[in-house]
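One structure below.
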Amino acid sequence: MPKVEITIPEHLEMQITQMVERGEFVNREEAIEDLLSTGIKAYKTSGPMDEEEGGGPGLEDDGMMGHDDEYVF
């Protein structure tokens, strides 16, 4: 399996750590893999929105939770 290195904001790292500590995932690697997979599946299902449909570049009304890089799937 290919390895990927990413840098994420501290608040996302804390959320992933909390999910692992609560037993939702066995470890960080599993958590990140599952969350990324879920996000890709959600993206494929909904697809990118055209600006004509109200999904302009800001995405303010499409799952944002107060952070520029946090989405709800």
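Hydrogens, waters and symmetry mates play no part in the numbers below; they use all other heavy atoms, side chains included.
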Distance-only donor-acceptor check, side chains E33 and S37, under 3.5 Å: no
Going from CD1 on I16 to CG on D34, what distance comes out if it is rounded to the nearest 0.5 angstrom? 11.0 Å
Among all residues two or more places apart in sequence or in another chain, which pass the side chain to side chain donor-acceptor pair (under 3.5 Å) test with Q18? none
List the atom pairs, with distances to 0.1 Å, where a side-chain N or O of residues 1-10 and a protein N or O form a donor-acceptor pair under 3.5 Å, not counting sequence neighbours.
none

Under 3.5 Å, which donor-acceptor pairs link side chains of residues 19-27 to any protein atom two or more places apart or in another chain?
unit_1: R22; atom_1: NE; unit_2: E24; atom_2: OE2; d: 2.7
unit_1: R22; atom_1: NH2; unit_2: E24; atom_2: OE2; d: 2.7
unit_1: N27; atom_1: OD1; unit_2: E29; atom_2: N; d: 3.2
unit_1: N27; atom_1: OD1; unit_2: E30; atom_2: N; d: 2.7

